[in-house]
Trainee: 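Can you read through this structure? Questions will come right after.
First listed ligand is number 1; within each ligand, the first listed atom is number 1.
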Amino acid sequence: MTANSEYLNELQQQGDFLTLSRNNEWHLAPSAFTLSNGTTVTIHDTGVIEFQPKCATTIDVVLSSAIHGNETAPIEICDELIKRIILGDLQLAQRVLFIFGNPQSINIDKRFVEENLNRLFNGHHTVEGVKMNNERTRAAKLEQYVSDFYQRGGQQRERCHYDLHTAIRGSKNDKFAVYPFLHGKPWKKSQLQFLLSCGVNTVLMMKSPATTFSYYSSFVHGADSFTVELGQVKPFGENDMSRFAKTKATLIALISQKEVIYEEFDASDFELFAVHRSINRTEHDFSFPFSDDAENFTGFSKGDLLAKDGQTCYYADVEGEAIIFPNADVALGQRALLTVIPLQLTDNII
Ligand SMILES: O=C(O)CCC(=O)N[C@@H](CCC(=O)O)C(=O)O
Ligand SMILES: [Zn+2]
């Protein structure tokens, strides 16, 4: 019996692709099988499973989680959806690629093993003179799996990628999304309505390129792509999954319905922010003046100290400038803080 068929039988019986991936941290031999409802299931690698229903489809959906292994709630959501699909409890109407990004980081309950996977996309995994590691190799593979998935779907199709995370700190706005920089292309009301249906009414509009997974799918493949922060980091078993009911229901509708009708767009339903600046840590001596329990979206008065990087002090230069993702422990050269200011939607949205 080949290794593939060994794992296939158990996967078909139990649908537990998460455990299979955690037991094969960096590699799993590809394999495939067909469900009784005609859906083709293709395991491309550890943490990478594709579902192709028999019916005609219109949207190519990528749902990623565990890009950071300690962000467990999105992993639990995707684990449940995969099980329900394989066990025949959820019939798909769209093509779906699920990705558990970093199985080893799940197993050690850490954000990453050697390097933050979500800073290695858009080609940043392979840099001349920089030694490869498992995360860099994985980022290159995940890019290829997403690229192949969209290419197999063909051009002129709707493409979306929701990279599901949870935040290290609490947030004044429990759920929020990062809208990758679109290089002048218009934002989409339909995507904001999808996010609102997920329980996400707060969106940060990025204003520069990034090396994140969501930016890669947006910029390289033209996907409607977001990093979606669904709550706060918690260990497995400590998530209050009722807080994710709207998200799960909306994802189920997205992948199991031919079309989803969202409510009419109303700008007043949203809190939109423009990313004002990104502060990188360049010195070992890096600190924030606020406490570790200061929440995302905490606003500061103009002139308040925001961060100290060695001898460099950063001060709020807009009244109400708010902090997002403060993290003084990032590697040198990486983003330690984003700040945002409220954005009034004017034009450039369709
Ligand atoms: O809470 C934090 O400090 C980080 C939470 C998280 O992992 N956020 C993503 C955001 C990615 C983006 O900017 O689109 C990350 O930092 O990778
Ligand atoms: Zn994350």
Trainee: Below 3.5 Å, N or O to N or O, backbone or side chain included: is there any such pair between T166 and ligand 1?
Mentor: no
Trainee: Is there a donor in the side chain of S171 and an acceptor in the side chain of N173, or the other way round, less than 3.5 Å apart?
Mentor: no
Trainee: What's the shortest distance from atom 11 (C) of ligand 1 to any protein heavy atom, and which residue and atom give it?
Mentor: N118 ND2, 3.5 Å
Trainee: Over 60° means perpendicular and under 30° means parallel, so classify the ring planes of F300 and F290, tilted if in between.
Mentor: tilted
Trainee: Are any N, O or S atoms from E229 nearer to the Zn ion (ligand 2) than 2.8 Å?
Mentor: no
Trainee: When the ring planes of F194 and Y162 are compared, do they come out parallel, tilted or perpendicular, using 30° and 60° as the limits?
Mentor: parallel
Trainee: Give the name of the N/O/S atom in H68 that lies closest to the Zn ion (ligand 2).
Mentor: ND1
Trainee: Which of the numbered atoms in ligand 1 are under 4.0 angstrom from any heavy atom belonging to R119?
Mentor: 15 (C), 16 (O), 17 (O)
Trainee: I need the atoms of ligand 1 closer than 4.0 Å to a non-hydrogen atom of T227, numbered in the order shown.
Mentor: 10 (C), 11 (C), 12 (C), 14 (O)
Trainee: Only heavy atoms of T212, strictly under 4.0 Å: list the atoms of ligand 1 that pass.
Mentor: 11 (C), 12 (C), 14 (O)
Trainee: Under 30°, 30 to 60°, or over 60°: which ring-plane class applies to H183 and Y215, parallel, tilted or perpendicular?
Mentor: tilted
Trainee: Checking K234 against E71 for the salt bridge (Lys or Arg N to Asp or Glu O under 4.0 Å) test, could you report, in this order, the C-alpha distance in whole Å, the side-chain angles of both residues, the deciding distance, and whether it holds?
Mentor: CA-CA 7 Å; K234 292 203 183 307; E71 300 173 6; over 6 Å; no
Trainee: Between H165 and H68, how do the two ring planes meet: parallel, tilted or perpendicular, split at 30° and 60°?
Mentor: perpendicular
Trainee: Looking only at protein heavy atoms, identify the closest one to atom 2 (C) of ligand 1 and say how far it is in Å.
Mentor: F325 CD2, 3.4 Å
Trainee: What protein heavy atom lies closest to atom 3 (O) of ligand 1? Include the residue and the distance to one decimal.
Mentor: I168 CD1, 3.4 Å
Trainee: Consider every N or O of N116 and every N or O of ligand 1, then say whether any pair is closer than 3.5 Å.
Mentor: no
Trainee: Give the numbers and elements of all ligand 1 atoms closer than 4.0 Å to a heavy atom of R111.
Mentor: 4 (C), 5 (C), 6 (C), 7 (O), 15 (C), 16 (O), 17 (O)
Trainee: Would you call M206 a ligand 1 contact, heavy-atom distance under 4.0 Å?
Mentor: no
Trainee: Kindly indicate whether a cation-pi arrangement holds for R335 with F325, taking the cut-offs as under 6.0 Å to the six-membered ring centre and within 45° of the axis.
Mentor: no
Trainee: I need the nearest protein heavy-atom contact for atom 6 (C) of ligand 1: residue, atom name and distance, please.
Mentor: E229 OE2, 3.3 Å
Trainee: Could you pull out the atom name of the N/O/S atom in H165 that is nearest the Zn ion (ligand 2)?
Mentor: ND1
Trainee: Using the ring of F244 (Phe, Tyr or Trp, six-membered ring only), decide whether K175 places NZ or CZ under 6.0 Å from its centre and within 45 degrees of its axis.
Mentor: yes
Trainee: Would you please indicate yes or no on a ring centroid separation below 6.0 angstrom for Y179 and F181?
Mentor: no
